[in-house]
Visitor: 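Please see the structure below; I have some questions.
Note that the coordinates shown come from a computational prediction; the quantities given were computed from them, not determined experimentally.
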There are 2 protein chains.
Amino acid sequence: MTVSDLKQIINGKYKMTRQREIVFNSMNNKPHLHFTVEDILDIVHEAHPEIGVATIYRTLQIFIQVGIVQRLDLLNRRAYYEISEQKHHHMICLSCGAIVEVTDEATEEVLNMVKRKKQVLNDFRVVDCQIYFYGYCKNCQAIR
Amino acid sequence: MTVSDLKQIINGKYKMTRQREIVFNSMNNKPHLHFTVEDILDIVHEAHPEIGVATIYRTLQIFIQVGIVQRLDLLNRRAYYEISEQKHHHMICLSCGAIVEVTDEATEEVLNMVKRKKQVLNDFRVVDCQIYFYGYCKNCQAIR
DNA sequence: GTGCGTGCAAAGTCTTTGCAAACCG
DNA sequence: CGGTTTGCAAAGACTTTGCACGCAC
């Protein structure tokens, strides 16, 4: 996703500001995919120390609202944010907390499985599905 | 699950106290299955107003550690707790926040699906899987 | 120019911690 | 009786909010 994609998505609803572009780039340019607010702040502050936390939070809310960012709530009090390009799920290491992405191939099948349970479908209209896998990453397996 | 089950599970590792039994009962006796700490405190305070929040938090941590309670982190800053009798997943209403249980019939299949992806398995040893469905409950569908 | 967006600091919400007293085994 | 556990209040971590100023459109 590029900055001009961002502008297109945001505009109309919100103004495109310097800060929003900076936050977007901080998340978009890094291979490290899941960011806490602190992570983002650190990256942003390297070049732009004047930007405040509140701006990060407010920007993330907007990005979530327009659908370019997804928020993860893991077994942890702090939220993680990621740019949501394509559907995927997450594996969380119970030992070190590492988060690994799993590309989506399960959702469709799971959703169908749920739909087969007629009464669930009648009561609840499902629009999305998130799967979290818990286990141990390669590194932590080696240590044990 | 009964109080004597609880005693068996807890003893050895921890003492069985009046407060722990009260917290357990508050969660076990109610049809309302997902509790915030505030929910639990309200129920507990009906008969035992002297019990403090810290006790609830510490008790829940122990219950989680021994495996009788599961913590849910939803799209929301506050944690939910539930007595985990049998494996199940959750549907969350994006409109009103209602949480509905979905009995498990998906996990096995999902885990197998993941295991088929050899490289994932090699890197990560999966021990559990939680599925969250997001959508709209019957009530909120009607309102719209 | 107007109103949305920002930075700062203060306030808010949920959770954890320190400590003396109380309690379980 | 000795080490856990509790209740209280204070501290901590993360997030939100109020307000005056600044900037995008």
Visitor: Find the distance A:R18:CZ to D:dG22:C1' and express it as a whole number of Å.
Guide: 11 Å
Visitor: Without decimals, in angstroms, what is the distance between B:L60 CG and C:dC14 P?
Guide: 15 Å
Visitor: B:I40 and B:S26: which non-hydrogen atoms are nearest, and at how many Å?
Guide: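 What the structure gives for the nearest pair is CG2-OG, 3.6 Å.
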Visitor: Just N and O in the side chain of A:T55: are any of them under 4.0 Å from OP1 or OP2 of C:dT6?
Guide: no
Visitor: Quick check: on DNA chain D, is the nucleotide nearest A:T17 upstream (toward 5') of the one nearest B:I51, or the reverse? Name the residue that is more 5'.
Guide: B:I51
Visitor: Measuring from the side chain of B:N11 (C-beta onward, heavy atoms only), which nucleotide among C:dT17, C:dT6, C:dG25 has the closest atom?
Guide: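 The closest nucleotide is C:dG25.
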Visitor: Do the ring planes of B:F24 and B:F63 sit parallel (below 30°), tilted (30 to 60°) or perpendicular (above 60°)?
Guide: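 Rings of B:F24 and B:F63: perpendicular, as their planes differ by over 60°.
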Visitor: Applying a 4.0 Å non-hydrogen cut-off, can you work out what B:R58 is touching in the nucleic acid: base, sugar-phosphate, or nothing?
Guide: base
Visitor: What is the distance, rounded to the nearest whole Å, between atom CZ of B:R78 and atom P of D:dT16?
Guide: 14 Å
Visitor: Tell me which of B:Y14 and A:R20 sits closer to the 5' end of DNA chain C, going by the nucleotide each one is nearest to.
Guide: A:R20
Visitor: Without decimals, in angstroms, what is the distance between A:E38 CD and D:dC14 C1'?
Guide: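 Whole-Å distance recorded here is 10 Å.
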Visitor: On a heavy-atom basis, which atom in B:V23 and which in B:V44 lie closest, and how many Å separate them?
Guide: CA-CG2, 4.4 Å
Visitor: Which nucleotide sits closest to the side chain of A:K15: D:dT6, C:dT6, C:dG3?
Guide: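 Shortest atom-to-atom distance from the side chain points to C:dG3.
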Visitor: Just say parallel, tilted or perpendicular for the rings of A:H34 and A:H90, cut-offs at 30° and 60°.
Guide: perpendicular
Visitor: Could you tell me how far apart B:E50 (CD) and D:dT6 (C1') are, to the nearest whole angstrom?
Guide: 10 Å
Visitor: Rounded to whole angstrom units, what separation is found between the CD atom of A:Q19 and the C1' atom of C:dT6?
Guide: 6 Å
Visitor: What nucleotide, of C:dG5, C:dT15, D:dT5, holds the atom closest to the side chain of B:V37?
Guide: C:dT15
Visitor: How long is the line joining OH of B:Y57 and C1' of D:dA9, in whole Å?
Guide: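 Rounded to the whole Å, the gap is 15 Å.
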Visitor: Considering only side-chain heavy atoms of A:Q61, which listed nucleotide, D:dT16, C:dT16, C:dG25, is closest?
Guide: D:dT16
Visitor: Can you check the A:E21 CD to D:dC23 P distance for me, whole Å?
Guide: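 So the CD-P distance, A:E21 to D:dC23, works out to 16 Å.
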Visitor: Looking at side-chain heavy atoms only, is the closest gap between B:E82 and B:H88 below 4.5 Å?
Guide: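 Yes, their side chains come closer than 4.5 Å.
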